[in-house]
Colleague: 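Starting off with a structure, shown below.
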Amino acid sequence: MTAESSHALRYLERMARQQLPRRETFERSVVVQTFEPGEVIFESHEEFPYLFAVVKGGVKTRAIINGVERLASIARPGELLGSLSSIVPAGLADLLGNDVVNSDFGAACGFGLTDTSAVAISHSVVERFDMRVLQSLMERHASWAMAGYHAMALYALGQERRVRDLLTLSAEDRYINFLVAVPDLIGVLPQKDIAAYLGVTPVGLSRIATRVRDVPRPR
């Protein structure tokens, strides 16, 4: 009887829209890990050439800015987790805001460093896979390259929509959307984290939550 393929492989095959070649090569790089609430999955400013597929639970990524923790993102089951800066060629991030065409950048050996850390919100199961293995497969097989492209594009689309919402929606609308999108994290994720994720102060979030709670709902 053939064992069920990993969640990570099934995710990438959905992105490729076909069964991928050399599946066993990728599967050998997949490691299932379990984390309890508050456990750190990876730290910032370290070499960490891995991505994760979240199978169960929830994970937050955070950055420390001027000694204050800022929530960067939330990853839930069915989503990928990682720090993009640690899985791209070292030095690539330096091109942000610069003239790429006239730069002297050359793809360096190795990857960059993480710019966020990741912490389990609840009891979480993740599958860690090695970006070096994925990159090798992408270089050799067009179908793997397409899977990687679609996965990164989907991640970037999520980040773009998050920025758009922060810039265009009211804080109250962002909170309502949060309630709809991740109801299982209400009461699990600390209020200060929710406030940071929505771009408001904890006091402001408390006022918004009160207003939303007091709005009559249609019968």
Colleague: Just how far is it from atom CG of Leu80 to atom CG of Leu154, taken to the nearest 0.5 Å?
Modeller: 8.0 Å
Colleague: For Pro21, does its backbone N or O pair with a side-chain atom of Trp144 as donor and acceptor, under 3.5 Å?
Modeller: yes
Colleague: Within a radius of less than 6.0 Å around CZ of Arg10, do more than 12 heavy atoms belonging to other residues, nucleotides or ligands occur?
Modeller: yes
Colleague: Rounded to the nearest 0.5 Å, how far apart are OG of Ser5 and CG of Leu12?
Modeller: 10.5 Å
Colleague: Spell out, as yes or no, whether a donor-acceptor pair under 3.5 Å connects the side chain of Ser206 to the backbone of Val203.
Modeller: no
Colleague: Does Val40 share a hydrophobic cluster with Val125, counting links as ILVMFWY side-chain heavy atoms below 4.5 Å and allowing steps through other members?
Modeller: no
Colleague: So does Arg76 pair up with Asp184, basic N to acidic O under 4.0 Å?
Modeller: yes
Colleague: Out of curiosity, Ile176 CD1 to Ser170 OG, how far, rounded to the nearest 0.5 Å?
Modeller: 7.0 Å
Colleague: Please assess His7 against Glu127 for the test side chain to side chain donor-acceptor pair (under 3.5 Å), listing each intermediate value before the final yes or no.
Modeller: CA-CA 7 Å; His7 187 91; Glu127 292 177 350; 5.8 Å; no
Colleague: State which residues pass ring-ring contact (aromatic ring centres under 6.0 Å, His included) with Phe129; sequence neighbours excluded, sorted by chain then number.
Modeller: Phe26
Colleague: Would Arg128 pass as a cation-pi partner of Tyr50, given that its NZ or CZ must be under 6.0 Å from the six-membered ring centre and within 45 degrees of the axis?
Modeller: yes
Colleague: Please report the closest heavy-atom contact between Asp193 and Leu71, naming both atoms and the distance.
Modeller: O-CD2, 3.2 Å
Colleague: Using the rule that Ile, Leu, Val, Met, Phe, Trp and Tyr join whenever any side-chain heavy atoms are under 4.5 Å apart, tell me whether Leu137 and Leu20 fall into a single cluster.
Modeller: yes
Colleague: Does the pair Arg162/Glu160 count as a salt bridge with the N-to-O cut at 4.0 Å?
Modeller: no
Colleague: Does the side chain of Ile41 come within less than 4.5 Å of Val59's, by heavy atoms?
Modeller: yes
Colleague: If Ile, Leu, Val, Met, Phe, Trp and Tyr residues are connected whenever their side-chain heavy atoms lie under 4.5 Å apart, and connections chain through other members, are Ile208 and Leu179 in the same group?
Modeller: yes
Colleague: What are the two closest heavy atoms between Asp130 and Pro49, and how far apart are they?
Modeller: OD1-O, 3.6 Å
Colleague: Atom OG of Ser86 and atom NE2 of His45: how far apart are they, to the nearest 0.5 Å?
Modeller: 12.0 Å
Colleague: Between atom OG1 of Thr201 and atom CZ of Arg207, what is the distance when rounded to the nearest 0.5 Å?
Modeller: 7.0 Å
Colleague: Between Asp115 and Ser85, which heavy-atom pair has the shortest distance, and what is it?
Modeller: N-OG, 3.2 Å
Colleague: So do Gln18 and Glu13 actually touch side chain to side chain, heavy atoms under 4.5 Å?
Modeller: no
Colleague: Work out which heavy atom in Ala16 is nearest to a heavy atom in Ser143; give both atom names and the distance.
Modeller: CB-O, 3.7 Å
Colleague: Under 3.5 Å, is there a donor-acceptor pair between the side chain of Ser124 and the main chain of Phe35?
Modeller: no
Colleague: Do the side chains of Leu189 and Ile74 get nearer than 4.5 Å, heavy atoms only?
Modeller: yes
Colleague: Assess the residue pair Phe52 and Phe42 against the criterion (side-chain contact (heavy atoms from CB on, under 4.5 Å)); give the C-alpha distance rounded to whole Å, side-chain angles, the decisive distance to 0.1 Å, and a yes or no.
Modeller: CA-CA 11 Å; Phe52 297 86; Phe42 61 81; 3.8 Å; yes
Colleague: Taking Asp99 for the side chain and Val101 for the main chain, is one N or O donor matched with an acceptor at less than 3.5 Å?
Modeller: yes
Colleague: For Arg132 and Ser136: C-alpha separation, side-chain torsions, deciding distance, then whether side chain to side chain donor-acceptor pair (under 3.5 Å) applies.
Modeller: CA-CA 6 Å; Arg132 293 164 294 190; Ser136 177; over 6 Å; no
Colleague: Do Leu9 and Val133 belong to the same hydrophobic cluster, where Ile, Leu, Val, Met, Phe, Trp and Tyr are linked whenever their side-chain heavy atoms lie under 4.5 Å apart, directly or via other members?
Modeller: yes
Colleague: Does Ile87 reach the side chain of Leu51, with side-chain heavy atoms less than 4.5 Å apart?
Modeller: yes
Colleague: With heavy-atom distances below 4.5 Å as the criterion, would you say the side chains of Lys56 and His123 are in contact?
Modeller: yes
Colleague: Check whether any side-chain heavy atom of Val188 lies under 4.5 Å from a side-chain heavy atom of Ile121, and answer yes or no.
Modeller: yes
Colleague: Are any of the side-chain heavy atoms of Leu113 and Glu46 separated by less than 4.5 Å?
Modeller: no
Colleague: Does Thr114 form a side chain to side chain donor-acceptor pair (under 3.5 Å) with Ser44? I'd like the steps, not just the answer.
Modeller: CA-CA 5 Å; Thr114 56; Ser44 60; 5.5 Å; no
Colleague: Under 4.5 Å between side-chain heavy atoms, hopping through other hydrophobics if needed: is there a path connecting Phe48 to Leu84?
Modeller: no
Colleague: With sequence neighbours excluded, tell me which residues meet side chain to side chain donor-acceptor pair (under 3.5 Å) with Ser6.
Modeller: Glu27
Colleague: Checking side-chain contact (heavy atoms from CB on, under 4.5 Å) for the pair His150/Arg17: CA distance, chi angles, key distance, verdict?
Modeller: CA-CA 10 Å; His150 283 156; Arg17 294 176 293 187; 3.6 Å; yes
Colleague: Can you measure from OG (Ser117) to CD (Glu43) and round to the nearest 0.5 angstrom?
Modeller: 5.5 Å
Colleague: Hey, is the main chain of Ala196 close enough, under 3.5 Å, to the side chain of Arg70 for a donor-acceptor pair?
Modeller: no
Colleague: Between Ala171 and Val200, which heavy-atom pair has the shortest distance, and what is it?
Modeller: CB-CG1, 3.6 Å
Colleague: I need the full list of ring-ring contact (aromatic ring centres under 6.0 Å, His included) pairs touching residues 151-189, with sequence neighbours left out, sorted by first then second residue.
Modeller: Phe178-Tyr197
Colleague: Any non-hydrogen side-chain atom of Thr116 less than 4.5 Å from a side-chain atom of Arg62?
Modeller: no
